[in-house]
Each structure stands twice: as C-alpha cells, then as structure tokens.
J.: 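Just passing along the structure, written as structure tokens.
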Amino acid sequence: MILKKVWLFYYEGFRDMSPRGKKLWFIIFIKLFVMFAILKIFFFPNILKENFHSDKERIEHIEKQLIITPKKD
Amino acid sequence: MEHIDWGLVNWSRAQFALTALYHWIFVPLTLGLSFMLAIMETIYYKTGDEKWLKIEKFWLKLFGINFAIGVATGIILEFEFGTNWSNYSWFVGDIFGAPLAIEGIMAFFMESTFIAIMFFGWNKVSKKAHLISTWLVAIGSNLSALWILVANGWMQNPVGMKFNPDTMRNEMENFWDVLFNPVAINKFIHTITSAYTFSALFVIGVSAWLILKNKDKLYAKYSMIIASVFGFLAIIATIITGDGSAKQVAKYQPMKLAAMEGLYKGSRGAPLIAVGTPTIRNGSLIKSIEDDLAGRNQEKVKIEGFEIPYGLSILAFNDPNAFVPGIKDLVEGNPKEGIRSYKERIKSGKIAIEALANYKKAKKEGKESEAKKYLEIFRAHFDDFGYGYFDKLGVEELIPPVTITFMSFHTMVLLGTWFLIFFYLVYRAVQKDNIEKKKWLLKLGVWGIFFGWLAQELGWITAEAGRMPWVIQDLMPTMVAVSHLHKENVMLTFALFFIVFTALLIAEIKIMITTIKNGFSN
C-alpha cells in the first residue's frame, strides 16, 4: 500500500511536469547515459581493479610505485 | 616510476581541475539557494501570504534547474580517482572512501526523497510536511558537503590514520580525529558560507535584472531583502573563517601561505600585501626565486604592492611580532626560528622510503627482527615520507605556482570585501525603496553573479594550487599519486569531458534564462 502511494507520488509528479521540466529530465537522462554508459565503461576503468586480480598483486604494484624515487628526465 | 612523465602529471591535474571547477559551478547554488528557499517558505508558512509562495516557487524552479544539471557531476571526480589517480586511491585507503561513501548514501536518500517532496508535494503533503522537506533538503545537501570537505581537509592535514606497510595503505585509527580535523571543520564552514554568499549574489543579480527590465519588481525586491541579509551574514562568516583558514595554513601548510602572500623572505612583524603584483622587473617571479635559491640572482626578489604593516604576522599568528616564514626560509631552513630546511626533510623522507623498501624485502625473506628494525626507522621518518621523492628532482619542485596562488588569493579577498559593502548597499536601497533609481547598483548586482562565481573558483584555486606539489600534504606528491597511463588517453578524456560538460552548461544557462525571463508571474 505504502509502495503504491510512493509510486503514484513519483508517477503523478513526472506526468504533471511542465514541458520545461520534461526537457530538463531529458538532458539529465542524456548526461547520466554519457557518464555511466560511455565515460565510465570506455574511458574511466578502475586501473587497479581491472589490471590486477588480487589485493596481493595490487599491493606489489603499489610497492613498486612508491619505493622508487623519481629522476629528472 | 623512475622517470616522470610531466605531461601525464600535468594533464591529469588539468583534467581533475577542470572537473572540479565545473562541478563547483553548480554546487554552491544548491547549498545556498536551498537555505534561502527554506527561509522563504518559512515566511510563507508563518504568514500565509501568497506572495511568498510565488517567490518561493520561482526560486525553486531555478534551484531545480541548477540541481538537475549539476547532479552527479561530482561522480566524474570519483571515476578519475580510480583511473588517473590509482596510486593515490590505494594509498589513502578507507580514509577517503568512508566519508565519500557516507556522502553518497546521504545524498541519495536525503535528496531523492525530500527533493521529490519539494517539487511534487505541493498539493499532496501538508504545508508543514512540505516545509520540513525543504529544510531537510537544505540540511542534507550541506551535510553532503561536510563529508567531501572532511576528505579534502584530510589531504591538507592528514590525521587520525596509520600507514600499514604490509597493505601499502593508510588505515583509519580514529574516525573522530578525521571528522573533527580542525582544517576540515574550518574549511567546511568557509566553503559553505562562501557558497551562501554566491547564492545571495545570484538571487540579487537575477532580481536586479528583473527590476532593470521592469518586471515583477515587488517580488524581486522581497527576494533582494532576503538575499542581502542572508548574504551579509554569510560574507561575515566567510571572512571570519577565512581568517581561521589563514591561521591553519600558517600552521600546517606554511609554504602555501608564503605563496599566497608572495613572501619570499620571512620576517617578524611581516606586512600583509593588500594589493600588489607578483612580478619583478626582469622576468617571472618563480624564475627569480629559482635563480636566487641557486645563488644566481642579481636582484632581490620582492613582490611590490601596498602593504599593511604587521598584517601578515597578525593574520597568521594573532601576534604582530610573530615570525612568518617565507619561501626561502622553508627551502633553506631557519634554525633560529626552528624551521627545518627542505633539504633536511628530503634526506629524512629518503630514509623513510629506503626503510620501507628494506622492510618489505626483509618481510619477504622472513627476517622478522630486521623487518622490525626497518619499520621503526620508517615510522620515525614517516612525517617526511613524501619529501623523499624529491631527492633527485631538486627543491624548486617543492614550491607551488606563486603567481597563480598570489593572484587568486588577493582577487578573492578583494571581491569578498566588495561583497560585504555591496550587500549592505543593496539592503539599504531596498529598505529605503530607492533601488529602482540606482541603476548602477542594479547593474553591479547583475555582474555580481559572475564575480560571486569567480570568487568561489579563485578560493578553490588558492587552496589547491597553493598546496602543490602535494596531493596529500608532506606524504604524497602528485607525480607519485598519478596512474601510469598514456598521456594521449588523458588528453582525450579531458577533451571529451570539456565538450560534454560545456554543452550541459549551455543547456542549463539557456533553460535558466528562459525561466528568469518568464519571471515570478508565470
């Protein structure tokens, strides 16, 4: 019953929205799509999660990165 | 990571800066407008005057547009942590993750529930329930900012954690130390009150434009009254916390303060430069500093400008005779004033890095007593850990971009001072009912939206550029924090992000202008 009320609250809210409000939601939808379905998947992988299979490998990788002092090129 | 790809480091920094600057276009308006909406709706609730409902609904529309376009822009920053800053992400461990997770959950539940009531609930919930929802949105969005600034405050002053060399990450030892980190608390109040200031300038600017266009003047004036009082109180709080911030910077990030003030050589009773330019006669300031440090400088490095005697010593330490270290004191050390040189800290940091390497080696070989010995050495030098990375690079890499930091800080302070006067002038003019005659003030009001936004961004640049090269103060520089990617990939995502978010910004501004043109009556 409560779930139905909540559903109707949102449903009627979106249904009765002004055309400008609907346009805004369309922009939001495009933005979220670009962010999660394009940018995140194709351009922003989680390097440590994807390139290494276990925390042990990740620790070893970070170790290599942190215990060498960089030189000037 | 023996050789640094500076192109990669700088593009990664540029990308993060661009994302944060874009994100921060939307956030301050959400933070401040939500409270002004709550105040306007409270007046409506108390008086039952329909005029206030009309005013509330107009600003609610603008709040909604801004919120909708700005929502989730911050998530890109979190993507970047995993992709561009993976070493950093691992190193900070749960200290950064915990506040961000709390923020995510809080933002989702508070905002998705109560914002829906704000927009959809006018005829569906009682007036009281609607008012409570509006206040909860204001409180919720500001609490979201708290968690982000707790994470940022920790980067400026890392406390409440212990580095675990076995996992190569920092582990939280005391949540309350992280939460009540003095830098985080002051930063939170300074940031949100400056956001309120910008929001007040936005309300005044839009109202001024409507008055100039001879539209809905009464509603615009009522809005101005709320915004000028709100803005006046906000800018006072911003100035007070700005003073607190300067004292914390002096204590925890003295190089940042030296860059903010362009203070090359420290002194007791140090003056404050009220207005000045960070250039000298022949060439750039930073070049002169580098030359001077290398003993090549022919003329004294000095920032020229109008000085307030003893101002900086008072600002930094509440004492007119306090010693404020300059860039030279920090780099070369000043034993008389108890300041260790960067060379000394680099040496100590190098010992920490070597001890860590030896500890890991001894552990792998099962030499426990040796590992214990190296761990003790590592812990004794951990405070200088990040300096060790500059062993082969030279101390000049430890100096932040002085010109950018100086100019950002001084322009921000000048704008903040102007806002204080401006809010007073607007309040007096509306109260005397002669604002319509003061076209110059109305025009300045419209420009105030831009200047408010500019001051916000300059504040962020001062805080972030001034702490360079550190991503975590004294522990991790940007060049170590960055992931090993191809520079071209970062350039590509920079361009993509720039195009997508500029398009969104244009869309927002267009929708907002249309809504403003329609005014209160529509």
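Numbers restart at 1 for each chain; the letters A, B, ... are given by sequence-line order, proteins then strands. The basis for the numbers below is simple: all heavy atoms, side chains too, and nothing from hydrogens, waters or symmetry mates.
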J.: With a 4.5 angstrom heavy-atom cut-off, is it the side chain or the backbone of B:S86 that approaches chain A, or both, or neither?
T.: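 Looking at B:S86, backbone and side chain both touch chain A.
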J.: Determine the option with the most heavy-atom pairs under 4.5 angstrom with chain B, choosing from A:I47, A:I28, A:V34, A:L39.
T.: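 That would be A:I47.
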J.: Chain A: which of B:T83, B:V500, B:T167 shares the most heavy-atom pairs with it under 4.5 Å?
T.: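 Top count of heavy-atom pairs under 4.5 Å with chain A: B:T83.
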J.: So for B:K364, is it side chain, backbone, both, or neither that comes closer than 4.5 Å to the heavy atoms of chain A?
T.: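 Contact with chain A: side chain only.
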J.: For residues B:P469 and B:E397, report the shortest heavy-atom separation together with the two atoms involved.
T.: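 Smallest interatomic distance, heavy atoms only, reads CG-O, 3.5 Å.
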J.: Hey, does B:W90 have a side-chain heavy atom less than 4.5 Å from the side chain of A:L48?
T.: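 They are in contact (side-chain heavy atoms under 4.5 Å apart), so the answer is yes.
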J.: Please determine whether the number of non-hydrogen atoms from other residues, nucleotides or ligands lying under 6.0 Å from atom CZ of A:F26 exceeds 12.
T.: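 At most 12 heavy atoms, drawn from other residues, nucleotides or ligands, come within 6.0 Å of this atom.
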J.: Let's test your reading of the structure: which of B:N489, B:L496, B:L356 forms the most heavy-atom pairs below 4.5 Å with chain A?
T.: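 Among the listed options, the one with the most contacts to chain A is B:L496.
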J.: Shorter than 4.5 Å, heavy atoms on both sides: which option in B:G82, B:A507, B:G64 has the most such pairs with chain A?
T.: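 Most heavy-atom pairs under 4.5 Å with chain A: B:G82.
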J.: Where does A:I30 contact chain B at under 4.5 Å (heavy atoms): side chain, backbone, both or neither?
T.: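 Neither part.
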J.: Considering only heavy atoms, which portion of B:F91 lies under 4.5 Å from any heavy atom of chain A: side chain, backbone, both, or neither?
T.: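 Only the side chain of B:F91 comes within 4.5 Å of chain A.
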J.: Taking the six-membered ring for Trp, are the ring centroids of B:F385 and B:W470 within less than 6.0 Å of each other?
T.: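 That pair fails the under 6.0 Å test.
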J.: Give a yes or no on whether the ring-centroid distance for A:F14 and B:F119 is below 6.0 angstrom.
T.: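 Aromatic pair excluded; centres sit 6.0 Å or further apart.
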J.: For chain A, which of B:T515, B:T514, B:V125 has the most heavy-atom pairs under 4.5 Å?
T.: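 Among the listed options, the one with the most contacts to chain A is B:T515.
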J.: Is the ring centre of B:F390 less than 6.0 Å from the ring centre of B:Y342?
T.: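 No; B:Y342 has its ring centre 6.0 Å or more from that of B:F390.
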J.: Select one option (side chain, backbone, both, neither) describing which atoms of A:F42 are under 4.5 Å from chain B's heavy atoms.
T.: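 No part of A:F42 comes within 4.5 Å of chain B.
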J.: With a 4.5 angstrom heavy-atom cut-off, could you sort out which part of B:I117 is near chain A: side chain, backbone, both or neither?
T.: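 Both parts, backbone and side chain.
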J.: By a 4.5 Å heavy-atom criterion (distance strictly below it), what part of B:E354 contacts chain A: side chain, backbone, both, or neither?
T.: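 Neither; nothing under 4.5 Å.
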J.: Please determine whether a side-chain nitrogen of the Lys or Arg among A:K56 and A:E60 lies less than 4.0 Å from a carboxylate oxygen of the Asp or Glu.
T.: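 Result for this pair is yes, salt bridge flagged.
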J.: So which of A:D16, A:V6, A:L32, A:D55 has the biggest tally of heavy-atom pairs under 4.5 Å with chain B?
T.: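 Result: the option with the highest number of such pairs is A:D55.
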J.: Report which part of A:E12 has an atom under 4.5 Å of a heavy atom belonging to chain B: side chain, backbone, both, or neither.
T.: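 Contact with chain B involves both backbone and side-chain atoms of A:E12.
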J.: If I compare all heavy atoms of B:N87 with all of B:V480, which pair ends up nearest, and what's the gap?
T.: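 It is ND2-O, 2.9 Å.
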J.: Say you draw a straight line from CZ of B:F382 to CG of B:N170; how long is it, rounded to the nearest 0.5 Å?
T.: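 It comes to 5.0 Å.
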